[in-house]
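Counting starts at 1 for both ligands and their atoms, following the listed order. As a basis for the values below, the full set of heavy atoms in this structure was taken, side chains included, without hydrogen atoms, waters or symmetry mates.
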Amino acid sequence: MRLKSFIEVDENSDFPLENIPFGIGDIPGSGPRICTRIGDTVIDLNALSRMGYFDNLGRDEAIFESSTLNAFIAKGRPFTCRVRSIIMESFMVGGAAETEQVILREMALYHFEQVKMLMPLHIGDYTDFYSSIEHATNVGKMLRDPENALLPNWKHIPVGYHGRASSIIASGASVHRPQGQTKPADKTSPVFGPSAQLDFELETAFVIGKETSLGHPVPITSTDEYIFGMLLFNDLSARDIQSWEYVPLGPFLSKNFASVVSPWVVTIEALQPFRVQGPVQEPEVLPYLRIAGKNNYDLNLEVLIQPEGKQEIVVCQSNFKYMYWSMNQQLAHHTVNGCNIRVGDLYASGTISGPEPGSYGSMLELSWKGTQPIELSDGSKRTFIQDNDTVIIRGYCKNENLRIGFGEARVTILPAIS
Ligand code: MN
């Protein structure tokens with residue numbers, strides 16, 4: 001049975017009353033405020049707070065008047081869950097009297113097109129994993145050895161690397177094509193110039209909701225307590241720069257020029273109806289990575305490319321449920337050596353490819369290293385992303401009763417700065 005709001009919510013909306021995600025909206029005349037969204041309506045939580053909606057949670061005037069979610073998330077799960085349930089109760093049919101609804105519409109509600117959504121978090125540290133077995137297998141086949149696509153450590157360790165936090169940007173931004181050093185196969189020495197193999201990586205990311213102190217691992221059975229919510233994540237990658245620079249320490253300038261997040265952090269509570277069992281892990285993992293139960297999420301993901309002035313076209317449909325390593329395992333592994341974590345840290349999944357060619361989560365795989373071009377809506381072909389293309393990632397969970405969505409992470413690629 002779905003909850004019904006007095007705010008209109010389309011059947012296919014990502015934002016029913018059961019979602020109540022959190023983001024930072026640039027409220028007209030006020031500036032950055034913590035917001036949520038129901039249907040097409042953005043709600044200024046600072047305005048709700050001033051109207052007294054959260055008075056029972058203790059006075060903290062400034063908590064919603066913020067340009068990031070960090071301090072709000074750091075108040076802890078009992079607080080953020082209570083805020084969500086107050087919003088659900090208040091915006092249910094019958095939750096507010098007609099006169100109150102008029103005041104709400106005047107003081108706190110905006111059509112989503114009136115509110116520019118901003119970067120939701122201050123990200124202290126960002127890590128990117130490599131946890132899709134289909135992606136790791138495809139890349140291993142293409143770039144190394146088809147017979148031994150997975151390296152010997154892959155099924156024992158959630159492989160990852162520390163990324164760059166400063167260049168993570170909110171959906172809607174434009175990014176100039178990166179320049180860098182590459183070594184074309186037919187040349188004996190490297191050359192410098194704009195990347196010719198700019199790619200997306202279809203990923204999700206989870207946000208840390210509770211800090212640890214240095215030296216204290218998070219046991220795998222406690223990892224859920226530390227995961228506040230999830231975002232969509234596009235880990236833009238320059239494949240030609242990557243293939244020249246990545247040995248022996250992994251990606252560097254091929255990945256750190258920009259990554260794009262969706263603006264709404266969907267809480268882990270909203271995603272609970274969509275928990276599913278992940279793939280069987282064989283061989284069995286070490287005890288510190290063992291966890292029973294449904295630890296993956298049935299989260300539909302798609303990537304679209306829109307050439308300038310043309311229709312967007314779906315180039316990939318995948319699902320988070322395919323992930324070999326769960327977020328719980330990633331977090332247990334990340335902290336097992338005593339590495340501490342902080343509120344707002346971001347942990348990206350790694351490219352999420354599925355088993356079918358249409359579910360591969362990067363152009364590298366979809367065009368099979370540039371050998372099989374994809375045709376777009378305007379008849380043009382792509383092996384990688386071209387200048388003035390817009391790349392859009394969308395994601396939603398759906399069952400018979402409910403759809404909980406993420407909105408989108410969108411970025412336009414501009415020509416390299418010469
Ligand atoms: Mn990645």
Which residues pass the side-chain hydrogen bond (donor to acceptor under 3.5 Å, both in side chains) test with Arg394, sequence neighbours left out?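 Residues passing side-chain hydrogen bond (donor to acceptor under 3.5 Å, both in side chains) with Arg394: Glu312, Glu408.
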Number of protein N/O/S atoms less than 2.8 Å from the Mn ion (ligand 1)?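 Total protein N/O/S atoms under 2.8 Å from the Mn ion (ligand 1): 4.
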Going by side-chain hydrogen bond (donor to acceptor under 3.5 Å, both in side chains), name the residues that satisfy it together with Asp128, two or more places apart in sequence or in a different chain.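 Counting only residues at least two positions away or on another chain, Asp128 forms a side-chain hydrogen bond (donor to acceptor under 3.5 Å, both in side chains) with Tyr161.
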Evaluate the ring planes of Phe72 and Phe64, with Trp represented by its six-membered ring, and classify them as parallel (under 30°), tilted (30 to 60°) or perpendicular (over 60°).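 Because their plane-to-plane angle lies in the 30° to 60° range, the rings of Phe72 and Phe64 count as tilted.
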Return the orientation label for the His333 and Tyr288 ring planes: parallel under 30°, perpendicular over 60°, tilted otherwise.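 Taking Tyr288 first and then His333, their aromatic rings lie parallel (interplane angle under 30°).
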Determine whether Phe22 and Trp264 satisfy the following criterion, side-chain contact (heavy atoms from CB on, under 4.5 Å), listing intermediate values before the conclusion. CA-CA 5 Å; Phe22 296 107; Trp264 296 107; 5.7 Å; no
List for me each residue that meets side-chain hydrogen bond (donor to acceptor under 3.5 Å, both in side chains) alongside Ser362, sequence neighbours excluded, and say none if there are none.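 Partners of Ser362 by the side-chain hydrogen bond (donor to acceptor under 3.5 Å, both in side chains) criterion, ordered by chain and then number, come out as Glu365.
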